[in-house]
Amino acid sequence: MYFDPVEGLDRQSLEEIQSERLRDIVRQAACSPFYSRVFQEQGVDPLDVRGLSDLALLPLTSKEDLRASYPDKMLCRPISEMVRLHASSGTTGAATVVFHTAKDLRTWADLVARCFYMVGVRPHDVFQNMSGYGLFTGGLGIHYGAERLGCLTIPAGAGNSKRQIKLLQDFQVTTIHIIPSYALHLATVFEGLGLDPRDLFLKTALIGAEPHTEEVRRRIEGIYGLKAYNSYGLSEMNGPGVAFECPEQHGMHLWEDAFLPEIVDPATLQPMAEGQVGELVLTTLTREGMPILRYRTRDLTRFLPGPCPCGRVHRRIDRILGRSDDMIIIKGVNIFPMQVERVLMGIPEVGQNYLIILERKGFLDQIKVKVEVKSEFFVEDMRVLKGLQDRITGLLRDELLITPKVELVEAKSLPQSEGKAQRVMDLRGEGHG
Ligand code: AMP
Ligand code: ZN
């Protein structure tokens, strides 16, 4: 029933494994130039860490620490033992690099295979990976997991939509890995070709790599006629295979035998009360080449309370609300781009793409939302469009508590990225307006 028996362990056995692995990983981390210095500076003796209850003795690690350790000061084995490196997509600032040994890669592939298996993917399935390859972990990371499971794996890579569609048809693909914003874009390409994605053989989509709402998941499921499962990971923690939804589609099981999760208040760094939203902090429990302790992901989420009906005890995290650095502050109001998405994607006339633009008019900050309208609703009658514009403005105002400027645009007219979508354009610092 499980890909790995560790999925079905009881809480106590799982915590015993965690304690043992934490003890080992801290001793191992002390061999890296970075942690040996930090431990010395902060008076941490790795031998004091005997189990989970000693976690607070350890320092937090930040993205800046990773940058400062560039390229290899977090390695705790010689670089000659490393067989691969990956980098973060660098949406915020300079890239950071993570190295893997051959064993690390095997462990990672097992974790990804576990995710596939959990949602019913089996060796006879045909899998197409539509995420970018190269340094981005959504390519090779997912790829080796699918091969580990035994699927026929098509490394389609990102973009080139017409070829994607041909591969889906010709090889009767049943399972795809796709970035949610690209899944919505690809739907418009199908439409342009007069094809219905429901006529394909698709059953399962793994969607992730960027924040997205329940509304977007439902759209993807409706358009393609499949089940879509949320996949969370970050290159600092390998990449995909950190947390993944089970068939219940209610929260993502975080693989606690491999990653030790905490949720902290981003301001005070103290643990949040059970069920409260905070910043996810993760420790690699198995990586031998480059362990990272208590890494501040910047991703905001919470633990979902209670057991999951699927039987796995690995705790579930909620859909990622956004990154702490994604928060927009406008006229003193805090806004997350996902609040905008939730409203827009629930409106049937709204097309598959949108863009949030922040501007400064004089001394006043202003939020403008450009919204694509589905072609069948983009009519000549100005009164109809004006009505839609007013309706969207009202719904956004109710959600955001400030009134945005809404601009309706034609389908496929907004910029489309092949990788993670850029949902916000901040023009406030550029002397516009
Ligand atoms: P990278 O290391 O470049 O692959 O980027 C990892 C980041 O992508 C994470 O820290 C999240 O901010 C974001 N991310 C990845 N998967 C998801 C997901 N399923 N939902 C929301 N955000 C995600
Ligand atoms: Zn479950």
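Just follow the structure's listing: the first ligand is 1, and inside any ligand the first atom is 1.
Heavy-atom proximity to Gly208, at under 4.0 Å, picks out these atoms of ligand 1: 19 (N). Atoms of ligand 1 found under 4.0 Å from any heavy atom of Arg323 (numbered from 1 in listed order, with element): 10 (O), 12 (O). Every atom of ligand 1 is numbered from 1 in the order shown, and the set under 4.0 Å from a heavy atom of Ser88 is 2 (O), 3 (O). Near Gly233, with a cut-off below 4.0 Å to any heavy atom, the atoms of ligand 1 are 6 (C), 9 (C), 15 (C), 16 (N). In the vicinity of Phe136, heavy-atom distances shorter than 4.0 Å reach the ligand 1 atoms 4 (O). In summary, the atoms of ligand 1 found under 4.0 Å from a heavy atom of Asn230, numbered by their order in the structure, are 18 (C), 19 (N).
In terms of modelled atom types and a separation under 3.5 Å, the side chain of Gln18 and the main chain of Glu256 share a donor-acceptor contact. Within the 3.5 Å criterion, the main-chain N or O of Arg319 finds no donor-acceptor partner in the side chain of Tyr232. Between the Glu210 side chain and the Ala421 main chain, a donor and an acceptor come within less than 3.5 Å of each other. Between the side chain of Thr153 and the backbone N or O of Cys151, at least one donor-acceptor pair lies under 3.5 Å. Counting only distance, with no hydrogens or angles, the side chain of Arg287 and the backbone of Thr107 share no donor-acceptor pair below 3.5 Å.
Between Glu288 and Asp104 the shortest side-chain heavy-atom distance falls below 4.5 Å.
Relative orientation of the Tyr182 and His185 rings is tilted, given thresholds of 30° and 60° on the angle between their planes.
In terms of polar-atom proximity, Ser235 is counted as a contact of ligand 1, with an N or O under 3.5 Å from an N or O of the ligand. The shortest N or O to N or O distance between His212 and ligand 1 is not below 3.5 Å. Residue Ala209 places at least one N or O, backbone or side chain, under 3.5 Å from an N or O of ligand 1.
Comparing Pro211, Ser131, Gly138, Ser231 against atom 21 (C) of ligand 1, the shortest heavy-atom distance belongs to Pro211.
Counting heavy atoms closer than 4.0 Å to ligand 1, residue Leu234 contributes atoms from both its backbone and its side chain. Heavy atoms of Arg298 found under 4.0 angstrom from ligand 1: none, in either backbone or side chain.
Between Ser19 and Leu52, the shortest heavy-atom contact is OG-N, 3.1 Å.
Distances shorter than 4.0 angstrom do not occur between any heavy atom of Arg319 and any atom of ligand 1. Taking a 4.0 Å cut-off on heavy atoms, Gly239 fails to register as neighbouring ligand 1.
For Tyr133 and His143, the gap between ring centers is short of 6.0 Å.
Around the Zn ion (ligand 2), the angle linking His253 (NE2) with Cys310 (SG) is 100°, rounded to 10 degrees.
With a cut-off of 2.8 Å, the Zn ion (ligand 2) has no N, O or S atom of His250 in range.
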Evaluate Phe116 against Phe127 for ring pair (Phe, Tyr, Trp, His ring centres under 6.0 Å), listing each step before the verdict. CA-CA 10 Å; Phe116 275 81; Phe127 170 67; 5.0 Å; yes
